[in-house]
There are 2 protein chains.
Amino acid sequence: MAPLPSSSLSDVPASPSESGGPAFSPLYQQIKGLITRSLQAGEWKPGEAIPSEVDLAARFRVSQGTVRKAIDELAAENLLVRRQGKGTFVATHSEEKIQYRFLRLMPDDGEQGSVDRKFIDCRRVRAPADVARALELKSGDAALQIRRVLYFKGQPVVFDDIWLHGGLFKGLTAERLSDYQGPMYALFETEFGVRMIRAEEKLRAVAADPATAALLNLAEGYPLLSVERLSLTYGDKPVEIRRGLYNTASHFYRNEVS
Amino acid sequence: MAPLPSSSLSDVPASPSESGGPAFSPLYQQIKGLITRSLQAGEWKPGEAIPSEVDLAARFRVSQGTVRKAIDELAAENLLVRRQGKGTFVATHSEEKIQYRFLRLMPDDGEQGSVDRKFIDCRRVRAPADVARALELKSGDAALQIRRVLYFKGQPVVFDDIWLHGGLFKGLTAERLSDYQGPMYALFETEFGVRMIRAEEKLRAVAADPATAALLNLAEGYPLLSVERLSLTYGDKPVEIRRGLYNTASHFYRNEVS
DNA sequence: AAGTGGTCTAGACCACGAT
DNA sequence: TCGTGGTCTAGACCACTTG
């Protein structure tokens, strides 16, 4: 690229297609969008390195600083992970450090012990109305329902009722879930190419119903923490809705507000 | 400043006092620390503008870009607010937009209505052992206990039991609390110069005790969301611990995990 | 028009990791 | 030693707000 005296940006229209619109988008935002699209398209898989900043700058014909700012934001959004001296990598749910970003339950005494899972069932059914609405499915579309219990140090603590977008998880069975070692979201991303980016949660206190009470070995009516989660992938597309019921007798849900 | 060929940074030691240590701190981090100290010292009050980037660059004898990066991080941490064309301002709890950062309870149906408060008491007492530990007080030091109920659309929904660092809130009375219009944290920052920066929370489901049940007009044993919050000011100094009990029958605690 | 933050560039050098 | 991300600078221009 010719080293023009810094007027070269005018040559790059903010949005080549959209002309005349009042929308203005900084170059680095456009680059960010292009990188996101490549991530979405699977050009670079979770855990892999993306091209170096210099390479990307050449590809997009912008300066390294502009690519840098785009990557900075994607790293802040946990889509990418920077590693000095090594490169920039696509984030993955398989990493130790990232595991507990979505599992916010902590034991009262110190560290997280091992977590055991037991799957109750995994059925393919027509999505109920509320699930269809949340996952943006047409009524009657297929959905996957998974129910499981999580055990901390052998004690049942969490009952999860999970609903997945039917079209994206073809062939998911209770067996594959049970066989897989590691976080469920890691399985989703390696086996189905669906990467959970962020989630919105609604927390409430509820009384244990008879079925849940039995599963968690509690008396009916026992206070449980209800966590309704809507999980989203690239482009804020909803792909999972789940409701967890947590026994918070010796665990708590940690949160930071800042 | 002499336009040296970019070796000028070597002239600025990473940490003037700490010599020989293996610690390396980027310039912008040091600038960030200096700005934070000025905020802490009250050189610029909440709501006021801080000096322009150019002025700060001149004051600290670094480039504007370096100041910029420092301010970027402080803005990301909600200590500063940037406003294009106007300047950079010290964040304040009085702003509309920021109010609901610490009040995470939302009604099931749409928007937040008006919130009424009723203070039950505001007493100055010796800090109990657990409170003293949380607020890093010596046992026997003074603490302030505030208890209140929050009403949404006339209905009691929240019971708060609040403990404040005694030394920082001299002269706080139930009357001043009642008279003040606006968020409690806004009062703390304008009247006592104590600005809450962030908070750590532990959430649980519990059964309503008789006293709380009476205050919230519920049956004893009703499931309540318990929110234990430790609030921190500059330098992560703890200044408030509170326990809120929320009736989540028609409200929920919203959270985003990303 | 002047001042502020926001974007973009080009280039130099530093810190880190692999070779 | 080389390639990667990380820091820092200097300067130009853009977008927004105020006088």
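Remember, predicted model here, so these are calculated numbers, not experimental data. Convention: sequence-line order gives letters A, B, ...; per-chain numbering from 1.
What separates CZ of A/F89 from C1' of C/dG17 is a distance of 10 Å, to the nearest Å. In this structure, CZ of A/R61 is placed 17 Å from P of C/dC8, rounded to the nearest angstrom. Here D/dT7 presents its P atom at 8 Å from CD of B/Q29, a figure rounded to the nearest Å. Rounded to a whole Å, the OH atom of B/Y28 is 16 Å from the C1' atom of C/dC13. Separating the CD atom of B/Q64 from the P atom of C/dG5 is a distance of 8 Å, rounded to the nearest angstrom. In this structure, A/F60 places its CZ atom 14 Å from P of C/dC8, rounding to the nearest Å. Atom pair A/Q30:CD and C/dC8:P shows a separation of 8 Å (rounding to whole Å applied). Between the C1' atom of C/dG5 and the CG atom of B/L56 lies a distance of 12 Å, rounded to the nearest Å.
The side chain to side chain contact (heavy atoms under 4.5 Å, CB included) check on B/D109 picks up B/P107, B/K153, with sequence neighbours excluded.
With respect to A/E256, the salt bridge (Lys or Arg N to Asp or Glu O under 4.0 Å) criterion is satisfied by exactly one of B/R229, B/R198, B/K202: B/R198.
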* To do: Begin with the C-alpha distance, continue with both residues' side-chain angles, and end with the deciding distance and a verdict on ring pair (Phe, Tyr, Trp, His ring centres under 6.0 Å) for A/F102 and A/H93.
  => CA-CA 10 Å; A/F102 283 84; A/H93 283 284; 5.4 Å; yes
* Begin from the C-alpha positions of A/N255 and B/Y253 and carry the test side chain to side chain donor-acceptor pair (under 3.5 Å) through to its verdict. => CA-CA 11 Å; A/N255 197 29; B/Y253 178 106; 2.8 Å; yes
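Under the 4.5 Å side-chain criterion, counting only non-hydrogen atoms from C-beta, A/E228 is not in contact with A/I241.
Under 3.5 Å, the side chains of A/E240 and A/Y185 contain a donor-acceptor pair of N or O atoms.
Of the side-chain N and O atoms in A/S63, none sit less than 4.0 angstrom from OP1 or OP2 of C/dA10. Under 4.0 angstrom from either OP1 or OP2 of D/dC8 there lies no side-chain N or O belonging to B/T66.
Shown here for B/M184 and B/I162, the closest heavy-atom pair between the two residues is CE-CD1, 3.4 Å. The nearest pair of heavy atoms linking A/K32 to A/A70 is N-CB, 3.8 Å.
A salt bridge is absent between A/E201 and B/R254: the closest approach of a Lys/Arg side-chain nitrogen to an acidic carboxylate oxygen does not fall below 4.0 angstrom.
Near DNA chain C, meaning a heavy atom under 4.0 Å away, the residues from residues 42-54 of chain B are B/S52, B/E53. Within residues 68-86 of chain B, the residues that place at least one heavy atom under 4.0 Å from DNA chain D are, in residue-number order, B/K69, B/Q84, B/G85, B/K86.
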